[in-house]
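Both counts, for ligands and for their atoms, begin at 1 and track the order of listing.
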Amino acid sequence: MTVLYDDIGELVTNDPAVGDGSPLGVLTDAALLVDGDRIAWAGPKNAAPAADRRVDCRGASVLPGFVDSHAHLVFAGDRSAEFATRMSGEPYDGGGIATTVAATRAAPTEALAANVARLATELRRSGVTTFETKSGYGLTTVDERRSLEIGRRFTAETTFLGAHVVPPDHRGDRDAYVRLVAGDMLAACREHARWIDVFCDRGAFDVDEARYILQAGLDADLTPRLHAGQLAPGEGIQLAVELGAASVDHCTYATDVDIAALAAGGTVATLLPGAEFSTRADWPDARRFLDAGVTVALATDCNPGSSYTTNMGFCIAVAVRDMGFTPAEAVWSATAGGARALRRDDVGALSTGRRADFIRLDAPSYIHFAYRPGVPIIGDVVVGGVSI
Ligand code: NIG
Ligand code: FE
């Protein structure tokens, strides 16, 4: 069964070999042929092949589905009161994570799964067609494994984050907790995870603890991705590059040396505008990364504490308004950038053979994500060739 999405005013392919020659590979007056769950052809509409069915896009913009490479969806509870105190000037230090850990441990498995299902639906509606999710609110062997087993029901991109913070029950002996994470907890979680993550930052884990845990993950065939540089400068960003991590996330306090290391290495820097927004933190200057040639992704960081949004369009708007991205760079980072951060080459672009995951806007240009902030401009989301 083939479907031709015809009369596309602006088709973002993320294939620099086609269209205007920019990284977004924009084709005007285009068409897209879908065969099953794959893209069969993309090109000018007047050269479109025949298809079993035709969908008239009426001059709209079509772009790859967003790839959200950083989210924490397995949790219970609400921290809106904590958010309100921050808006009145309280700093964010990650201390609220313990509140979510207590609620998550107490929640029935099916309640946690229902919450992930709700958030996954929100993500889809905001145009996210691939997403990652982490453990990190269980922080016991049983609760971390359970979180990953639940996450796995919704996505193949699951990350073991037993090293989110030292939980209250181990505050007296953090070395024992680090050994637990790198030992029995990792062994129990490995089966349900593709990635391993450590929150390497002030008040969480230091660089030696992070290296020890991530090396254990590497030895168990999990690839690292890190949280680093969110709350303070530190050695986490360079550790990520040293270990060949797929991505290092937040990078709010990245130094010039960190950025040079990222540019020289292969690790993606993932910026998370929702976190700066929701913690009232200073914005990282994305130009420093982009102008140095670092591969940059944008992700939601959806979690109940520091960034409770599933809306990638909102993140793009903030990235453009306050972090120095052009609209084109922000859209690339939320699609192709996210795919690089997850080391996926089947998503994040619309060229022959890729997955048919895309968004049709109720707007003529992707620029509208920033130009019309907060407006629901998503007309349709297609996942694996199927319109939701
Ligand atoms: O990515 N930085 C650490 N982890 C989360 C926040 C977790 C929380 O506050 O619940 C983040 O921002
Ligand atoms: Fe996070």
Using a 3.5 Å cut-off on N or O atoms only, is Thr100 in polar contact with ligand 1?
no

Pull out every atom of ligand 1 sitting under 4.0 Å from any heavy atom of Asp301, numbered as shown with elements.
1 (O), 11 (C), 12 (O)

Top protein contact for atom 12 (O) of ligand 1, by heavy-atom distance
Ser306 OG, 2.4 Å

So which heavy atom in the protein is nearest atom 2 (N) of ligand 1, and how far is it from that ligand atom?
Gln230 OE1, 2.6 Å

Between Arg124 and Thr121, is a side chain to side chain donor-acceptor pair (under 3.5 Å) present by the stated rule, with each step listed?
CA-CA 5 Å; Arg124 284 272 159 95; Thr121 300; over 6 Å; no

From Asp301, does some N, O or S atom reach closer than 2.8 Å to the Fe ion (ligand 2)?
yes

Where Gly274 and Cys315 come nearest, the two heavy atoms and their spacing:
N-SG, 4.5 Å

Answer yes or no: is there a side-chain heavy-atom contact under 4.5 Å between Thr310 and Arg125?
no

Angle at the Fe ion (ligand 2), NE2 of His72 to NE2 of His70, rounded to 10 degrees, please.
100°

Atoms in ligand 1 flagged as close to Ile97, the criterion being non-hydrogen separation under 4.0 Å:
7 (C), 8 (C), 9 (O), 10 (O)

Please step through side chain to side chain donor-acceptor pair (under 3.5 Å) for the pair Glu10 and Ser365, ending with a clear verdict.
CA-CA 7 Å; Glu10 171 196 82; Ser365 170; 3.2 Å; yes

How far is atom 9 (O) of ligand 1 from its nearest protein heavy atom, and which residue and atom is that?
Tyr92 OH, 2.5 Å

Please walk me through it: do Thr300 and Asp68 pass side chain to side chain donor-acceptor pair (under 3.5 Å)?
CA-CA 6 Å; Thr300 65; Asp68 187 1; 2.6 Å; yes

Does the side chain to side chain donor-acceptor pair (under 3.5 Å) test come out yes or no for Thr130 and Glu157, once each step is laid out?
CA-CA 8 Å; Thr130 301; Glu157 304 296 345; over 6 Å; no

If the cut-off is 2.8 Å, does any N/O/S atom of His250 fall short of it from the Fe ion (ligand 2)?
no

For the residue pair Phe277 and Trp283, categorise the inter-ring angle as parallel (less than 30°), tilted (30 to 60°) or perpendicular (more than 60°).
tilted

Counting only heavy atoms not in Arg372 (residues, nucleotides, ligands), do more than 12 fall under 6.0 Å from its CZ?
no

Within the 4.0 Å heavy-atom shell around His70, which atoms of ligand 1 are there?
1 (O)

One finds that the ligand 1 atoms under 4.0 Å from a non-hydrogen atom of His72 are 1 (O), 4 (N), 5 (C), 11 (C)

Using a 4.0 Å cutoff against the non-hydrogen atoms of His250, which atoms of ligand 1 qualify?
1 (O), 2 (N), 11 (C), 12 (O)

of all protein heavy atoms, closest to atom 4 (N) of ligand 1 is His164 NE2, 2.7 Å

Below 30° counts as parallel, above 60° as perpendicular, anything between as tilted: where do the rings of His70 and His72 land?
tilted

In the protein, what heavy atom is nearest to atom 7 (C) of ligand 1, and what distance, to one decimal place, separates them?
Tyr137 OH, 3.2 Å

